[in-house]
Amino acid sequence: MSDDPRRANASNRLSRRTFIAGTSSILGGFALAGTAAAAPRIARAGGSIAPGAHVPVLVIGTGYGGSVAALRLAQAGVDVHMVEMGMSWDTPGSDGKIFANTTNPDDRSFWLRTRTKQPLSNFLGFPIDRDISRYTGILDAEDFSGITVYQGRGIGGGSLVNGGMAVTPRRQHFGGVLPSVNADEMYDVYYPRANAGLGVTHVDQSWWETTDCYQYARVGRKHAQRSGFPFVFVPNVYDWDYMKQEAAGTVPRSALAGEVLYGNNYGKKSLLQTYLARAKATGRVTISPLHRVTSVAPVTGGGYTVAIDQLDTTGDTTATKTVTADKVFFAAGSVGTSKLLTKLKATGALPKLNSEVGKGWGDNGNVMCGRANHMWDATGKLQSAMPTAGIDNWDAGGAFAEVAPLPTGIETYASFYLSITKNPNRGQFSWNAATGRAELNWQTAWKQPSIDAAKTIFDRINSTEGTIYRTDLFGAYKIWGDHLTYHPLGGAVLNKATDNYGRLHGHPGLYVMDGSLIPGNTSVNPFVTITALAERNIERIVATDL
Ligand code: FAE
């Protein structure tokens with residue numbers, strides 16, 4: 001990065017615009033209840049794919065799987081076009097910032113909603129959601145029966161909104177995560193490659209021990225260790241030098257201003273600064289933002305027809321395009337890819353997909369909770385929005401709990417956790433012809449194993465500390481945030497819906513590259529595993545299929 005991260009980000013934005021034009025945790029958000037201030041508008045930059053165009057490779061989605069595929073294909077000399085339903089997020093709003101703050105969501109914050117749907121819906125018992133204008137904002141809170149699935153929307157996918165926790169599963173758990181994949185290869189080659197490609201590093205622990213902004217995490221460590229739980233540091237993709245400068249007051253604040261759920265204006269290395277920047281540098285990758293793929297069907301003689309809706313920032317379709325591609329990579333995320341494939345199989349567009357499509361979907365066992373600390377155990381007014389640590393009780397109790405921030409700007413005397421748990425329940429997508437929608441059959445009651453696993457940690461900590469659960473964060477007297485996930489996985493599971501490298505059965509030239517390949521759980525936060533698996537699969541595909 002440049003010595004001046006502000007300048008580096010500005011120049012990244014500029015070059016990103018050219019890139020697009022060339023195409024012809026973690027935590028809950030807080031806001032005061034009421035109506036949001038006048039909504040900043042973001043102009044979409046650049047052109048887009050032309051109707052009737054033919055491309056060698058079309059990638060659906062620009063998150064982790066899609067970005068890895070695009071980079072490696074381009075490096076192998078293949079021209080790639082990426083189609084992304086979200087915006088390009090390259091132009092500041094009227095407040096001078098590209099992204100809204102977590103404490104003050106506006107219409108940039110949510111995908112096509114007229115009221116925010118913050119993961120933490122209440123504070124001190126009061127509802128905190130507010131009215132906003134309908135806009136193609138950055139965080140989609142997509143409602144299915146029994147669960148709300150949070151996902152990033154825009155070029156960069158989930159990397160725009162996530163907490164940057166870059167966790168490699170413990171090796172002894174890998175067989176349970178991806179049983180058909182050679183673990184030696186993953187740990188010797190593809191996890192290191194993914195971590196390097198993503199810019200993953202550890203926080204400077206001597207700084208962490210003293211800085212105000214990680215007091216909440218030190219309290220989390222103290223409580224974990226006093227109850228005998230292993231407390232582990234986890235790496236992140238945030239630029240730690242930038243965070244130190246934020247703490248010193250020499251640069252504009254981002255993680256220390258609570259930015260995360262609705263984007264980070266500085267400091268976080270999203271895919272825009274890593275894989276997608278390198279893809280751009282090849283000169284072979286172009287992107288159409290605000291374009292949503294609606295259909296993929298075989299063309300007689302080879303290749304595929306891809307139907308695409310072009311959207312405006314209210315979500316209305318302004319044009320419908322049909323293009324052709326020799327090969328199509330589904331990288332629309334677990335939900336996006338599962339919904340598309342379920343629809344395409346059921347409606348006969350891709351009739352040869354097998355019966356595994358839509359199956360094996362899980363929530364990575366996500367469940368949230370808060371604990372009320374004693375008044376002498378303050379967690380701090382200033383909290384970095386980037387988590388750095390967790391409580392690992394996976395072996396004994398089936399839970400890995402991220403010590404998450406509550407960056408409200410006030411002292412809350414609360415400890416907050418997102419637990420990833422060993423939850424065996426799996427949902428399935430199916431096509432509802434009457435509504436014209438793909439539906440997921442999840443039930444909120446299926447979170448009970450996650451709550452039980454999380455309780456193996458927090459019941460004991462509460463007992464040791466003489467503390468209680470917070471009951472004011474998810475609704476009146478509700479302890480568990482069991483209505484949501486940040487980590488959708490599965491729906492087109494590796495070696496079931498696809499072969500062991502992501503090739504969809506029945507339709508040569510169609511591939512799956514994203515979190516839908518992973519059967520429901522990764523035992524830790526998922527994006528490093530999604531990236532490493534994509535690195536493994538695309539290496540094989542480049543070697544044998546091109
Ligand atoms: P993803 O990144 O979701 O990319 C899919 C892309 O496809 C998106 O940009 C979509 O807009 C686009 N798309 C979908 N449908 C279509 C369509 N029909 N046409 C065109 N484009 C489409 O997929 N994970 C971690 O490891 N560590 C964390 O700290 C962490 N924190 C998180 C915090 C939040 C609030 C959230 C929401 C997620 C978090 N995650 C975290 C999860 C992580 O971001 C997620 O697993 C990955 O982004 C999934 O990567 P994929 O490539 O599968």
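When a ligand or atom number is given, it counts from 1 through the structure's own listing order. In what follows, every heavy atom counts, from backbone to side chain, and hydrogens, waters and symmetry copies are set aside.
- The N/O atoms of Pro526, backbone and side chain alike, include one that comes under 3.5 Å of an N/O atom in ligand 1.
- The distance from ligand 1 to the heavy atoms of Gly333 drops below 4.0 Å at these ligand atoms: 5 (C), 23 (O), 53 (O).
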#### Entry: Criterion salt bridge (charged side-chain N to carboxylate O under 4.0 Å, His left out) on Glu142 and Arg113, from CA distance to verdict
CA-CA 10 Å; Glu142 190 171 1; Arg113 280 189 173 270; over 6 Å; no
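- In this structure, Arg72 pairs ionically with Glu535, as a charged nitrogen and a carboxylate oxygen lie closer than 4.0 Å.
- Close N/O approach between Gly65 and ligand 1 is found [any backbone or side-chain N/O within under 3.5 Å].
- In the candidate list Met165, Glu84, Gln151, Met82, Met165 is nearest to atom 29 (O) of ligand 1, counting heavy atoms.
- Residue contact check for ligand 1: His291 places a non-hydrogen atom closer than 4.0 Å to it.
- Below 3.5 Å of separation, one finds no N or O of Ala166 facing any N or O of ligand 1.
- One option in Asn366, Val59, Ile420, Asp514 has a heavy atom closer to atom 51 (P) of ligand 1 than any other, and that option is Asp514.
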### Task
Apply ring pair (Phe, Tyr, Trp, His ring centres under 6.0 Å) to Phe330 and Tyr511, showing your working.
CA-CA 6 Å; Phe330 289 81; Tyr511 305 86; 9.7 Å; no
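- Heavy-atom separations between Ser516 and ligand 1 are all 4.0 Å or longer.
- Within the 4.5 Å cutoff, no side-chain heavy atoms of Phe400 are placed close to those of Asn393.
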### Task
Walk me through it: do Tyr275 and Tyr64 pass the test ring pair (Phe, Tyr, Trp, His ring centres under 6.0 Å)?
CA-CA 8 Å; Tyr275 276 94; Tyr64 292 91; 8.2 Å; no
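- Taking every non-hydrogen atom of Leu261 and a distance limit under 4.0 Å, the qualifying atoms of ligand 1 come out as 35 (C).
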### Query
Run the side chain to side chain contact (heavy atoms under 4.5 Å, CB included) check on Asn366 and Lys447 step by step: do they pass?
CA-CA 8 Å; Asn366 281 190; Lys447 289 276 195 184; 4.1 Å; yes
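- When the heavy atoms of Ile308, Asn162, Asp309 are ranked by distance to atom 32 (C) of ligand 1, first place goes to Asn162.
- Ligand 1 has no N or O atom lying under 3.5 Å from any N or O atom of Leu139, backbone or side chain.
- The Ile60 neighbourhood of ligand 1 comprises atoms 17 (C), 19 (N), 20 (C), with distances under 4.0 Å to a heavy atom of that residue.
- Counting the atoms of ligand 1 from 1 in the order shown, those under 4.0 Å from a heavy atom of Gly515 are 53 (O).
- Here the rule is side chain to side chain contact (heavy atoms under 4.5 Å, CB included) with Ile155, and of Leu290, Ile287, Leu160, Leu271 only Ile287 fits it.
- Of the candidates Arg153, Arg292, Met85, Met85 brings a heavy atom nearest to atom 21 (N) of ligand 1.
- Side chain of Ser159 to main chain of Gly156: a donor-acceptor pair is present (N/O by atom type, distance under 3.5 Å, no hydrogens or angles).
- Classified by interplanar angle (parallel below 30°, tilted 30° to 60°, perpendicular above 60°), the ring pair Phe231/Phe233 is perpendicular.
- Of the heavy atoms in His487, only side-chain atoms (C-beta onward) come closer than 4.0 Å to ligand 1.
- Side chain of Asp316 to main chain of Asp312: no donor-acceptor pair is present (N/O by atom type, distance under 3.5 Å, no hydrogens or angles).
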### Message
Under the criterion side chain to side chain contact (heavy atoms under 4.5 Å, CB included), I'd like the reasoning laid out for Asn162 against Lys268: C-alpha separation, chi angles, the key distance, then a yes or no.
### Response
CA-CA 10 Å; Asn162 67 36; Lys268 195 172 95 185; 3.5 Å; yes
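- Less than 4.0 angstrom separates some heavy atom of Ala331 from each of these atoms of ligand 1: 5 (C), 6 (C), 7 (O).
- The residue Asp140 has no part lying near ligand 1, judged by heavy-atom distances below 4.0 Å.
- Heavy-atom proximity to Tyr150, at under 4.0 Å, picks out these atoms of ligand 1: 37 (C).
- Taking every non-hydrogen atom of Gly157 and a distance limit under 4.0 Å, the qualifying atoms of ligand 1 come out as 2 (O), 4 (O), 8 (C), 9 (O).
- If you number the atoms of ligand 1 from 1 as listed, the ones under 4.0 Å from a heavy atom of Gly163 come out as 28 (C), 29 (O), 30 (C), 31 (N), 32 (C), 33 (C).
- A cation-pi geometry, defined here as NZ or CZ lying under 6.0 Å from the six-membered ring centre and within 45° of its normal, does not hold between Arg108 and Tyr135.
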